[in-house]
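The structure appears below as structure tokens.
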Amino acid sequence: MRLVFPHPWNVSPEEAAAIQQELAQQVVRQNAVAIEAVRYVAGVDVGFVGDMARAAVVVCEFPSLRPAAQSLAQVPVSFPYIPGLLAFREGPAVLAALEKLDLWPDVFIFDAQGIAHPRRLGLASHMGVVLDWPSIGCAKSRLVGQFTAPPAERGAWTPLTDGQECIGAVVRTRAGAEPLFVSIGHRVNLETAVELVLRCTRQYRLPETSRLAHMLASRGTLPSDALQERLF
DNA sequence: GCGACAG
DNA sequence: ATCTTGTCGC
């Protein structure tokens, strides 16, 4: 794993925001992901155990969505939770988990925002830029932006805007359930991001990749029945 | 000053 | 994020 844009993580909130402003200029919103060519998609999530941040990555084959690899890493928490600065709290753990990953995916889906962020550099975009790898932001709630609720049917979506700029999509991944906030992470355009998130989602609100990564991050292990689909 | 605020 | 089972509602 090579960091294209390495930078210090042990910084003050002010320095963190300054770093985001610089890295935000490196985000590529143009698409570099042909869905037909995607073979592996990875879900990334972070959980907390006492004062340790535990990052989990689960790579699934696409479009079957069968788990193909996983990795876990635990690092001491060294930054508080501050809206807009999540990457400085979870980023180090994520990078540690990616360091151990032995099956690199074509694209990462994060449980966080991409460019739908005050400085257009949410955790998904931040990781995408430092790794210079395709990434998508897929959060369960809004950080910034305005929107009108999308129709109740699965697949429906409305734009998430900030002033005149479209910063993401509010996507209904499951009929009747609360929508997800999808945004460009890095090297994936919004249309492709929305399509990929929908194609990674089955009967639940969250993409299978995110669900598995969440289970792994919070419980430390994947339920055997989740892996039953003959995988690792 | 007041309210909002990914995980 | 985390503390936590059953329960109210569509």
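First the proteins, then the strands, lettered A, B, ... as listed; each starts at 1.
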Kindly indicate whether the side chain of A/R66, heavy atoms from C-beta on, has any atom under 4.5 Å from the side chain of A/C60.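 No, every pair of side-chain atoms sits at 4.5 Å or beyond.
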For residues A/I109 and A/V41, determine if any side-chain heavy atom of one lies less than 4.5 Å from a side-chain heavy atom of the other.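 A/I109 reaches A/V41 side chain to side chain.
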Keeping the roles fixed (side chain from A/T173, backbone from A/L206), state whether a donor-acceptor pair exists under 3.5 Å.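 Not at all, since once roles are kept as given, no pair shorter than 3.5 Å links the two residues.
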Main-chain N/O of A/D45 paired to A/H214 side chain as donor or acceptor, under 3.5 Å: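 No: the side chain of A/H214 does not pair with the backbone of A/D45.
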Separation of atom [atom1] in [X] from atom [atom2] in [N], rounded to whole Å:
X	N	atom1	atom2	answer
A/F181	B/dA6	CZ	P	10 Å
A/H214	B/dG7	NE2	P	9 Å
A/I82	B/dA6	CD1	P	13 Å
A/R142	B/dG3	CZ	C1'	11 Å
A/L85	B/dA6	CG	C1'	11 Å
A/F79	B/dA6	CZ	P	15 Å
A/I167	B/dA6	CD1	C1'	12 Å
A/K140	B/dG7	NZ	C1'	7 Å

Rounded at 0.5 Å granularity, tell me how far [atom1] in [X] sits from [atom2] in [Y].
X	Y	atom1	atom2	value
A/L180	A/R174	CG	CZ	12.5 Å
A/R2	A/D132	CZ	CG	7.5 Å
A/L131	A/R187	CG	CZ	12.0 Å

Please check if the distance between the ring centroids of A/F108 and A/H186 is under 6.0 Å.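 They do not qualify: ring centres at least 6.0 Å apart.
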Please check if the distance between the ring centroids of A/H126 and A/W9 is under 6.0 Å.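 Yes, close enough.
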What base-paired stems does DNA chain C take part in, with at least 3 consecutive Watson-Crick or G-U wobble pairs and both distances under 3.5 Å?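 Stem list for DNA chain C: empty.
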Please work out if [X] contacts a base, only the sugar-phosphate, or nothing of the nucleic acid, heavy-atom cut-off 4.0 Å.
X	answer
A/A139	sugar-phosphate
A/G84	base
A/F48	sugar-phosphate
A/E90	sugar-phosphate

In plain terms, say whether A/R142 and A/E178 are close enough for a salt bridge, that is, a side-chain N and a carboxylate O under 4.0 Å apart.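 The answer is no: the pair does not qualify as a salt bridge.
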When you look for runs of 3 or more Watson-Crick or G-U pairs in a row, both distances below 3.5 Å, which of them include DNA chain B?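 Stems found: none.
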Plane angle bin for A/H7 and A/F88 - parallel if under 30°, tilted between 30 and 60°, otherwise perpendicular: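 If you compare the ring of A/F88 with that of A/H7, the planes turn out tilted.
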Which two nucleotides bound the region of DNA chain C that has atoms under 4.0 Å from heavy atoms of chain A, read 5' to 3'?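 The protein-touched segment is C/dA1 to C/dT2.
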If only side-chain N and O atoms count, and only distance matters, is there a donor-acceptor pair under 3.5 Å linking A/R119 with A/Q21?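 On atom types as modelled, these side chains do not qualify, holding no pair under 3.5 Å.
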